[in-house]
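Note on naming: letters A, B, ... go to the chains in the order of the sequence lines (proteins, then strands), and numbering restarts at 1 for each one.
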Protein chains: 2
Amino acid sequence: MSEELENIQFELTEDLINRVEGLIEKNDDKALQNLLKDFHYADIAEILDEISLEEAIYVIKLLDSETTSDVLMEIDEDNREKVLKNLSAKEIAEEVEELDTDDAADIILELPEERQQEVISKIEDEEHKAEITELITYDEDTAGGLMAKELVKVYETWTVAGCLRRIRGQAKEVTRVHSIYVVDKQEKLIGRLSLKDLIVAKSDQKIADIYISNVDFVGVDDDVEDVAKVMAKYDLEAIPVVDENQILLGRITIDDIVDVLKEEAEKDYQLAAGITGDVEADDSILELTRARLPWLFLGLVGGVGAFLIMEGFQDSFKEKAILFFFTPLIAAMAGNVGVQSSAIIVQGLANDDVRGSVNGRLIKEMLLAALNGIILAIFLFLFVWFYKGELDKAIAISVSLVMVIIVAGLIGTFVPLFLNKRGVDPAIATGPFITTSNDILGILLYFWIAELIIAFFG
Amino acid sequence: MSEELENIQFELTEDLINRVEGLIEKNDDKALQNLLKDFHYADIAEILDEISLEEAIYVIKLLDSETTSDVLMEIDEDNREKVLKNLSAKEIAEEVEELDTDDAADIILELPEERQQEVISKIEDEEHKAEITELITYDEDTAGGLMAKELVKVYETWTVAGCLRRIRGQAKEVTRVHSIYVVDKQEKLIGRLSLKDLIVAKSDQKIADIYISNVDFVGVDDDVEDVAKVMAKYDLEAIPVVDENQILLGRITIDDIVDVLKEEAEKDYQLAAGITGDVEADDSILELTRARLPWLFLGLVGGVGAFLIMEGFQDSFKEKAILFFFTPLIAAMAGNVGVQSSAIIVQGLANDDVRGSVNGRLIKEMLLAALNGIILAIFLFLFVWFYKGELDKAIAISVSLVMVIIVAGLIGTFVPLFLNKRGVDPAIATGPFITTSNDILGILLYFWIAELIIAFFG
């Protein structure tokens with residue numbers, strides 16, 4: 001027995017891929033089926049992501065459609081698109097037939113619009129067809145776009161015994177029974193039950209007497225990020241979805257939320273790094289360029305701005321070239337402080353941790369930036385003074401560093417709060433956007449202040 | 001009924017907090033209990049995070065210990081520490097008594113070491129005490145540190161009827177029954193069953209005949225991040241934890257994994273923004289300074305380095321001050337490209353997407369950076385040429401920009417791959433670390449190349 005258990009610890013090795021490719025080349029279908037039959041569909045998907053499109057299609061046509069439909073859901077989106085292009089509408093419909101309604105709707109929505117109706121029309125199960133047709137109408141960023149129609153539903157008028165009997169029927173379609181949802185005659189959600197509650201109850205009890213009326217739910221138009229927050233906060237593993245009349249429409253399970261959270265985190269991380277659009281290390285150079293170049297262009301424009309500022313101050317500092325040599329330092333500090341303060345606000349907003357007044361936030365950041373700025377400025381002052389022996393320049397540079405850091409911190413705090421108020425995703429405020437604007441503003445401020453101080457000593 | 005449903009959509013308002021504070025001030029315990037009794041413990045925790053420590057302790061002592069133990073788990077870690085300081089060992093033991101073993105162990109581990117044994121010794125339930133004592137021995141970053149001892153376990157020799165009877169007993173302790181784990185006489189994990197399978201089976205069948213031997217599991221010493229990956233990949237809602245002899249020790253549920261994923265994402269995001277240590281917007285200025293200042297100091301050292309480089313090139317470019325005015329641009333581009341390329345590699349490594357040779361990655365990044373660099377350099381060349389009319393400088397600046405971008409991209413790709421090979425978290429490679437080193441190297445490279453090209457034009 002224990003040997004059988006070891007089996008499932010899957011590892012994607014060069015050797016395994018070579019074996020699969022060898023069997024495909026030899027057209028040894030039997031050996032291939034035999035090799036793959038013990039693998040989880042998520043593991044088969046990993047193999048398919050590593051072999052060529054022709055080989056992947058060969059494997060997909062070889063396996064039974066229950067396995068391949070699950071495999072299809074797991075392979076990389078780009079690869080799935082290519083595979084689907086190579087399958088007929090009838091073949092896709094057969095795969096879709098095997099999937100839960102939420103996955104089925106996702107596959108259909110990935111098809112070009114003209115193929116969507118063709119595939120749907122070829123789905124044989126009328127109920128499945130109707131449910132998918134409903135699901136594809138919802139926005140993918142809403143609860144409706146994430147939910148599945150599969151759920152276990154009982155009416156308040158049923159008895160426990162009748163319930164168990166009918167659940168045996170419904171549950172066959174539902175991979176995992178999290179909660180049993182209780183509805184009234186109008187299909188309105190009125191409560192929930194767990195299988196455990198049903199098993200513990202007496203068989204002649206009415207559902208109306210044992211159900212729990214305190215049930216969390218979300219509206220079909222709610223934003224998926226809000227759904228994720230509710231489920232994470234209340235540790236829910238499934239949540240029912242209702243329409244504006246409380247009619248039970250579907251349910252969302254935690255595994256979909258895990259995917260939402262991961263995607264969300266990756267998107268924010270990429271935005272902070274100056275990458276837009278969901279790209280991966282394995283995407284083509286052109287796709288990566290499209291994701292990266294716009295932000296670099298912003299940086300270029302910022303750099304040209306910095307150039308013009310420095311050129312403008314050229315005459316004021318003819319004999320003080322040293323001041324120009326500190327511009328990279330000033331720009332770097334302004335950028336770093338801005339990113340730090342905006343990242344904390346962006347994260348706080350995402351976690352609903354940022355409450356209280358904007359002014360309070362700004363005052364706190366000002367104190368924090370001033371503290372950090374003064375500590376850093378002391379080091380810089382000592383360096384310039386000892387190394388160059390010019391007190392006026394040492395003062396000018398370190399005082400302006402403090403001012404630049406304070407302003408950068410305030411901008412980093414204010415911009416995401418402002419964007420959030422305006423309904424714009426504050427995550428765009430981190431990364432190159434804040435760095436570039438802080439760079440330019442920092443350099444401008446630096447020269448202004450340095451000019452004033454040196455004139456004063458002059 | 002539907003009115004009752006609306007209730008649960010909780011919103012934390014200023015008004016609500018004022019009401020709670022008012023009732024505490026008036027010592028109106030009855031009204032306070034009445035107000036809070038319908039709230040979910042996660043909502044009560046949100047309220048407590050907004051009021052003073054004395055007020056929070058007042059509420060905690062007022063509510064029944066089943067509610068307060070759950071509330072305690074949900075409040076902010078800093079606040080929990082303060083609350084626990086104000087409770088006696090006996091009072092903490094009472095709270096711990098009500099918690100699942102995993103949460104109980106977490107609470108105990110947050111106490112100062114000298115109090116841990118004192119609290120444990122005051123736990124009355126001997127089984128709970130033994131389980132917690134076991135759990136606190138595991139490293140918090142391993143499966144053992146995350147698992148709970150609560151699970152539903154059946155022996156292969158039992159019948160379905162006997163099973164259901166005993167499950168009714170075990171299930172009372174287990175909040176949610178995900179899977180029923182099947183063990184042999186030696187307590188070795190040999191398979192699983194779902195409640196659904198049990199309900200569908202005939203009551204005189206043996207477990208040995210109906211269980212599913214294909215069960216995912218993790219080792220007690222496995223890293224939590226690996227556990228999260230397995231559960232996300234296979235869409236699991238719970239996974240059993242075994243020791244090296246396959247003995248079933250506990251189980252991990254998906255809600256704990258959701259927390260791990262969120263923390264991991266937040267840590268990486270903060271690292272990329274130059275913030276270390278798990279800080280929040282509401283932490284004190286001193287805590288935030290400790291998290292931010294070290295990275296700023298790194299930036300300062302980098303800036304001084306840039307200063308020294310520029311000073312060194314001062315004589316070579318006496319009549320070409322314009323070259324110095326482009327250093328912020330060069331530094332910004334080097335930093336941006338470095339962060340972009342490292343972020344993609346760090347994310348790919350986290351998702352196990354980065355396979356194949358390091359050389360292949362470097363060649364791809366070189367091509368990508370060259371493409372982006374050439375496009376950007378053309379704009380820069382045109383700007384300098386038209387604006388200044390100096391062809392030699394326009395060529396010098398734009399050619400070095402391309403070279404700087406390529407080198408920055410290569411460093412951004414190489415460093416995280418190198419750190420990962422060495423077993424260091426590659427996430428530290430994004431953010432200020434890569435920005436600062438790329439800044440300096442970029443500026444150095446820029447002056448070298450510019451010097452060569454301008455010498456060539458004579």
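Of the two parts of A/Glu50, only the side chain, counted from C-beta on, holds a non-hydrogen atom closer than 4.5 Å to a non-hydrogen atom of chain B. B/Leu371 touches chain A through its side chain: at least one heavy atom from C-beta onward sits under 4.5 Å away, while N, CA, C and O do not. Only the side chain of B/Leu401 comes within less than 4.5 Å of a heavy atom in chain A; its backbone stays farther off. Both the backbone and the side chain of A/Ser341 come within contact range of chain B, each with at least one heavy atom under 4.5 Å from a heavy atom of that chain. Contact annotation for A/Asp76: neither backbone nor side-chain heavy atoms come within less than 4.5 Å of a heavy atom of chain B. Of the atoms belonging to A/Asp439, it is side-chain heavy atoms, and not backbone ones, that fall under 4.5 Å from chain B. Looking at A/Leu349, neither its backbone nor its side chain comes within 4.5 Å of chain B, counting heavy atoms on both sides. With a threshold of 4.5 angstrom between heavy atoms, A/Val337 approaches chain B through its backbone and through its side chain. Residue contact with chain B, scored on non-hydrogen atoms closer than 4.5 Å, involves the backbone and the side chain of A/Thr289 alike. Only the side chain of A/Leu308 has a heavy atom closer than 4.5 Å to any heavy atom of chain B. Contacts of B/Asp49 with chain A are absent, with no heavy-atom separation under 4.5 Å from either backbone or side chain. Only the side chain of A/Ala321 has a heavy atom closer than 4.5 Å to any heavy atom of chain B. Heavy-atom distances place no part of A/Ile309 under 4.5 Å from chain B, backbone and side chain included.
The most heavy-atom pairs under 4.5 Å with chain B, out of A/Met231, A/Glu266, A/Glu280, come from A/Glu266. Chosen from A/Leu296, A/Thr327, A/Val339, A/Ile345, the residue pairing most often with chain B at heavy-atom distances under 4.5 Å is A/Leu296. For the set A/Ile344, A/Asn336, A/Leu286, A/Val346, the entry with the most heavy-atom pairs within less than 4.5 Å of chain B is A/Ile344. Across A/Leu261, A/Val279, A/Ile322, the residue that shares the most heavy-atom pairs under 4.5 angstrom with chain B is A/Ile322. By number of non-hydrogen pairs under 4.5 angstrom with chain A, the leading residue of B/Ala343, B/Gly348, B/Ala265 is B/Ala343.
The side-chain contact (heavy atoms from CB on, under 4.5 Å) check on B/Phe379 picks up A/Phe297, A/Leu300, B/Ile375, with sequence neighbours excluded.
Using a cutoff of 4.0 Å between basic side-chain nitrogens and carboxylate oxygens, B/Glu156 and B/Lys188 are not scored as salt-bridged. Ion pair A/Glu365/B/Arg292 flagged as a salt bridge, since at least one NZ, NE, NH1 or NH2 atom sits closer than 4.0 Å to an Asp/Glu carboxylate oxygen. A salt bridge does not link B/Glu74 to A/Lys233: none of the charged side-chain nitrogens sits closer than 4.0 Å to a carboxylate oxygen.
Using modelled atom types and a 3.5 Å distance limit, the side chains of B/Gln270 and A/Gln347 yield a donor-acceptor pair.
Between the CG atom of A/Asn372 and the CD atom of A/Gln340 there is a distance of 7.5 Å, given to the nearest 0.5 Å.
Using the six-membered ring where Trp is involved, A/Phe325 and B/Phe324 have ring planes that are tilted, between 30° and 60° apart.
Less than 6.0 angstrom separates the ring centroid of B/Phe326 from the ring centroid of A/Phe307.
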